[in-house]
Amino acid sequence: MTDFTEEEIEAGRLLFAGPCDFLKGVVALDGLPPADRVEFCFAGRSNVGKSSLINALTGRKALARASNTPGRTQEINYFDLGGRFWMVDLPGYGYAEAPKALVARWQELLRAYLAGRPTLRRALVLIDARHGLKAVDLEILDLLDSSAVSYQAVLTKADKLKASDLARIVEAVRAGLAKRPAAHPVLHVTSSETGAGLPELRAEIAALG
Ligand code: GTP
Ligand code: MG
């Protein structure tokens, strides 16, 4: 983990302590809000913890819905973060149990969104710390590489591992990302449960805009 200065940490804290409001859920590209500010999104396979991370970052229990049912977030959900950023919660990728036609529609929407949003500054790709990079994660990374979107990996659910196992996974994920030029080199290790890694991630996001 790269160090952040006290000022950067404080800027992140202030950003996420301020207003953050749900704007809308988008199901088609013509529903996107104006591309009038810096945007970042949370991507990752179904159930990896995207909505939980948004709730934890903002300190709000139910800003983004989180659930035990994979595939819960089915729209591109937009949040207005302090009037400075569009923060976007993407539908979970690779949820196999949803009807095929629905999966195809989400993936098409995701693809079109990633390729066609010029203000999208970074995709934060969440990876379950218990599993590391799996085939479905690699699919997301491939999609981002081919869309030329700058992205950065965030390990989630770090509280579920022993420190030694976590260190091993961190190294493996780092190695897996090192070959990918569009990947930002800093890997964030987080837990929405304990709050670990969140001040640094807030600082990283605040520095995007
Ligand atoms: P989809 O919307 O279906 O794509 O899922 P999601 O990526 O938004 O996942 P969500 O935030 O709904 O979390 C899925 C499950 O993981 C829930 O049961 C959460 O409580 C749990 N979870 C998420 N983050 C953490 C974490 O940091 N630690 C632990 N222990 N559990 C977590
Ligand atoms: Mg979700």
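Start at 1 and go down the list; that is how both ligands and their atoms are numbered. Every heavy atom of this structure was used, including side-chain atoms; hydrogens, water molecules and symmetry mates were not.
- The residue from Ala43, Ala129, Ser51, Pro91 that puts a heavy atom closest to atom 8 (O) of ligand 1 is Ser51.
- Annotation: Lys50 places an N or O atom under 3.5 Å from an N or O atom of ligand 1; distance criterion only.
- At most 12 heavy atoms of other shown residues, nucleotides or ligands fall within 6.0 angstrom of atom NZ in Lys134.
- Within the 4.0 Å heavy-atom shell around ligand 1 one does not find Gly44.
- Where the criterion is an N or O separation shorter than 3.5 Å, residue side chain and backbone included, Asn47 meets it with respect to ligand 1.
- Distances below 4.0 Å separate heavy atoms of Gly92 from the following atoms of ligand 1: 4 (O).
- Across the listed options Ala56, Ser52, Gly195, Ser52 owns the non-hydrogen atom lying nearest to atom 24 (N) of ligand 1.
- For the Mg ion (ligand 2), the set of nearby N, O or S atoms under 2.8 Å includes one belonging to Ser51.
- Taking every heavy atom of Gly49 and a limit of under 4.0 angstrom, the matching atoms of ligand 1 come to 6 (P), 7 (O), 9 (O), 10 (P), 11 (O), 13 (O), 23 (C).
- Counting only heavy atoms from C-beta outward, the side chains of Leu133 and Leu141 approach each other to under 4.5 Å.
- Side chains of Leu81 and Phe40 form a contact here, defined as non-hydrogen atoms less than 4.5 Å apart.
- Here the side chain of Trp86 pairs a donor or acceptor atom with the backbone of Pro34 at under 3.5 angstrom.
- Annotation: side chain of Thr119 is not in contact with side chain of Arg37 (no heavy-atom distance under 4.5 Å).
- Every atom of ligand 1 is numbered from 1 in the order shown, and the set under 4.0 Å from a heavy atom of Ser46 is 3 (O), 4 (O).
- Within ligand 1, counting atoms from 1 as listed, the ones closer than 4.0 Å to a heavy atom of Glu193 are 26 (C), 27 (O), 28 (N), 29 (C), 30 (N), 31 (N).
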query: Stepwise, does the salt bridge (Lys or Arg N to Asp or Glu O under 4.0 Å) test hold for Asp128 with Lys160?
result: CA-CA 10 Å; Asp128 193 317; Lys160 297 226 181 194; over 6 Å; no
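- In Asp159, the part holding a heavy atom less than 4.0 Å from any atom of ligand 1 is the side chain.
- A donor-acceptor distance shorter than 3.5 angstrom exists from the side chain of Lys50 to the backbone of Arg45, with no hydrogens or angles considered.
- The environment of Arg122 atom CZ is dense: over 12 non-hydrogen atoms of other residues, nucleotides or ligands sit within 6.0 angstrom.
- Shown in contact with Ser191 at under 4.0 Å from a heavy atom are these atoms of ligand 1, numbered in order with element: 27 (O).
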